[in-house]
Amino acid sequence: MTQEKGFPVDQLLSWYDCERRVLPWRAMPGEQPDPYHVWVSEVMLQQTVVKTVIPYFLTFIRQWPRVVDLSEAPIRDVLASWAGLGYYARARNMHACALSVCDQFGALFPESSSALLSLPGIGLYTMAAIRAIAYGHQIVPVDSNIERITVRYHAIETPLPSVKQEVHELAQGFLPCSRPGDLAQALMDLGAMVCTPRNPSCASCPLQSGCAAWSRSLTTTIPHKKAKKRRSVLYASVFWLESSKGVLVRSRPNKGLLGGMTEFPSGAWVEKTLFRSGEQDAPVRAEWSRLPGHVYHKFTHFDLIIEVWRAKTDIDVKFSEKSSKACSRFVCKEALEFEALPSVMRKIVAHAFSCEPNFLSGG
DNA sequence: CAAGCGTGGAA
DNA sequence: TTTCCAAGCTT
């Protein structure tokens, strides 16, 4: 392993020791943190900003202090703890991963690339991050931050992802380093605070002396951005059914959008041209009334516009015995907050509660 | 390999 | 307002 000439690794680490953010999953510089904490934080941080992750991480670690605790938890509890964080396959994979770590590796996270990659939800990035940060191995995890830093440092004008493999190899050229875990975190902090996607702060960058994009005035044109894709708009009716036991909810299928999460019954989510406003998709026959207004939500690939229908029922208990409604159940309003309700469904709750006075007076 | 998969904050 | 996008993984 040969470090490329001129890479100012000492300046980078000095910058990190001075500027680094204090985060609950981080050890002091040069010390090695709990691999379980590293894993939980790295998965939570996938496509998610630090500020969002912090409260979830603290709750999660307090609830399940060790990987064996997580492995013994009901998946429903894990999803409830993840509610609002998004990309819920991460939570399902984490639970499966915890079981594998306990079954196959004696509740200790493995150190080898192949073993780590065999675990659910651990890909190339997370594997390398665990090896570098938790175990101090000589490896650079390549996330979007380090990818951006690398293409700028080497002034690579070829658009990603065709050059992804080359970028990954060039990033390894930042090694060897006496503190591989701190190097990884220093690069990610640099990407978040200095070498930002837009308007990078090159004047205060500890890598400026070796940066090809800086010396060639290419910092604002690299990296080249990819083509944008069109978003679609879908429409849905959602049904808020109250009984003496609470509000009717059900669990979504374990795969796909919001997999395994709790939802209020709804009809199909369709294009406006296929959408018919009304209660024809309702879970039961009842006196449905439509709440005023809509609930709006943006997913990654489409916007969702929801109308909410509400009714009361007496049919409490028998619901769970009907095969087609096998995963349906009533939840009292006070317990809704503990359900695995994703953000879009919490908007439904807020909307229904905001209309509550209307409902009571109507009987 | 491109698409699917959440959410909220910044510009 | 709209667009971008943030410590990616899976299929």
Exercise for the section: Would you indicate what A:Leu304 reaches in the nucleic acid, counting non-hydrogen atoms under 4.0 angstrom: base, sugar-phosphate, or nothing? Expected result: nothing
Completion exercise
Result for 5'-nearest mapping on DNA chain B, choosing between A:Phe302 and A:Arg198, is A:Phe302
Problem - Separation of atom CG in A:Leu117 from atom C1' in C:dG8, rounded to whole Å - result: 13 Å
Practice task
Measure from NZ or CZ of A:Arg252 to the centre of the six-membered ring of A:Trp269 and say whether it is under 6.0 Å with the direction within 45° of the ring axis.
Solution key: yes
Handout entry: Whole angstrom value for the distance that separates C1' of C:dA6 from CG of A:Leu190
Key = 16 Å
Problem - P atoms of B:dG6 and C:dT1, separation to the nearest Å - result: 25 Å
Handout entry: Length of the CZ-P vector between A:Arg148 and C:dG8, whole Å
Key = 10 Å
Exercise for the section: Would you classify A:Arg21 as touching base, sugar-phosphate or nothing, given that sugar-phosphate means primed atoms plus P, OP1 and OP2, and contacts are heavy atoms under 4.0 Å? Expected result: base
Exercise for the section: Give a yes/no on whether any side-chain N or O of A:Ser144 is located under 4.0 angstrom from OP1 or OP2 of C:dC5. Expected result: no
Problem - Interatomic distance, A:Phe264 atom CZ to A:Leu241 atom CG [nearest 0.5 angstrom] - result: 11.0 Å
Exercise for the section: Return the nearest nucleotide to the side chain of A:Lys298; candidates are C:dC9, C:dT3, C:dA6. Expected result: C:dT3
Handout entry: Interatomic distance at P, B:dA3 relative to C:dC4, whole Å
Key = 16 Å
Problem - A:Gly121 vs A:Glu42, nearer the 5' end of DNA chain C by closest nucleotide - result: A:Glu42
Problem - Mutual orientation of the aromatic rings belonging to A:Phe299 and A:His297 [parallel < 30°, tilted 30-60°, perpendicular > 60°] - result: perpendicular
Handout entry: A:Arg285/A:Glu279 under salt bridge (Lys or Arg N to Asp or Glu O under 4.0 Å): CA gap, chis, key distance, verdict
Key = CA-CA 9 Å; A:Arg285 297 178 60 176; A:Glu279 63 269 47; over 6 Å; no
Exercise for the section: State whether the side chain of A:Glu111 and the backbone N or O of A:Arg131 hold a donor-acceptor pair below 3.5 Å, judged by distance alone. Expected result: no
Exercise for the section: Starting from C1' on C:dC9, measure out to OH on A:Tyr87 and report it in whole angstrom. Expected result: 10 Å
Fill in the blank from the handout: By nearest-heavy-atom nucleotide on DNA chain B, the more 5' of A:Asn199 and A:Gly86 is A:Gly86
Problem - Side-chain donor or acceptor of A:Asn93 paired with backbone N/O of A:Ala89 under 3.5 Å - result: yes
Fill in the blank from the handout: note: A:Gln47, atom CD; C:dC4, atom P; distance rounded to Å ~ 15 Å
Exercise for the section: Between A:Ile133 and A:Pro120, name the one whose nearest nucleotide on DNA chain C is closer to the 5' end. Expected result: A:Ile133
Exercise for the section: Give A:Pro141 one of three labels, base, sugar-phosphate or nothing, depending on what nucleic acid heavy atoms sit under 4.0 Å from its own. Expected result: nothing
Exercise for the section: Give me the ring orientation class for A:Phe60 and A:Trp64: parallel if the planes are under 30° apart, tilted from 30 to 60°, perpendicular past 60°. Expected result: perpendicular
Exercise for the section: Output the residues of residues 57-78 of chain A in contact with DNA chain C, where contact means a heavy atom of the residue under 4.0 Å from an atom of the strand; sort by number or write none. Expected result: none
Practice task
Could you tell me whether A:Val50 contacts a base, only the sugar-phosphate backbone, or nothing, with contacts defined as non-hydrogen atoms closer than 4.0 Å?
Solution key: base
Handout entry: Gap between atoms CE and C1', on A:Met127 and C:dT10 respectively (whole Å)
Key = 16 Å
Problem - Interatomic distance where CG belongs to A:Asp303 and P belongs to C:dC4 [whole Å] - result: 14 Å
Practice task
Name the nucleic acid region contacted by A:Leu85, choosing base, sugar-phosphate or nothing; use a 4.0 angstrom heavy-atom cut-off, strictly under.
Solution key: base
Exercise for the section: With heavy atoms under 4.0 Å as the rule, sort A:Thr48 into base, sugar-phosphate or nothing. Expected result: base
Practice task
Look at all strands and tell whether A:Ser41 reaches a base, only sugar-phosphate, or nothing, counting heavy atoms closer than 4.0 Å.
Solution key: nothing
Practice task
Give the C-alpha distance, both sets of side-chain angles, the deciding distance and a yes or no for side-chain contact (heavy atoms from CB on, under 4.5 Å) between A:Tyr88 and A:Trp82.
Solution key: CA-CA 7 Å; A:Tyr88 299 100; A:Trp82 206 271; 3.5 Å; yes
Exercise for the section: For A:Arg26, answer base if it contacts any base atom (sugar-phosphate contacts may also be present), sugar-phosphate if it contacts only those atoms, and nothing otherwise; contact means non-hydrogen atoms under 4.0 Å. Expected result: base
Completion exercise
note: A:His168, atom NE2; C:dC9, atom P; distance rounded to Å ~ 10 Å
Practice task
Walking along DNA chain B from 5' to 3', note the first and the last nucleotide with an atom under 4.0 Å from a heavy atom of chain A, and give both.
Solution key: B:dG4 to B:dG8
Exercise for the section: Would you please indicate if the ring centroids of A:Tyr153 and A:Phe7 are separated by under 6.0 Å? Expected result: yes
Exercise for the section: Could you check whether A:Trp25 gets within reach of a base, just the sugar-phosphate, or nothing at all, counting any heavy atom under 4.0 Å? Expected result: base
Practice task
Report which part of the nucleic acid A:Gly84 touches: base, sugar-phosphate, or nothing (heavy-atom distance under 4.0 Å, all strands).
Solution key: sugar-phosphate
Practice task
Could you check whether the rings of A:Phe353 and A:Trp240 sit parallel, tilted or perpendicular, using 30° and 60° as the cut-offs?
Solution key: perpendicular
Practice task
Can you measure from CZ (A:Arg66) to NE2 (A:His37) and round to the nearest 0.5 angstrom?
Solution key: 11.0 Å
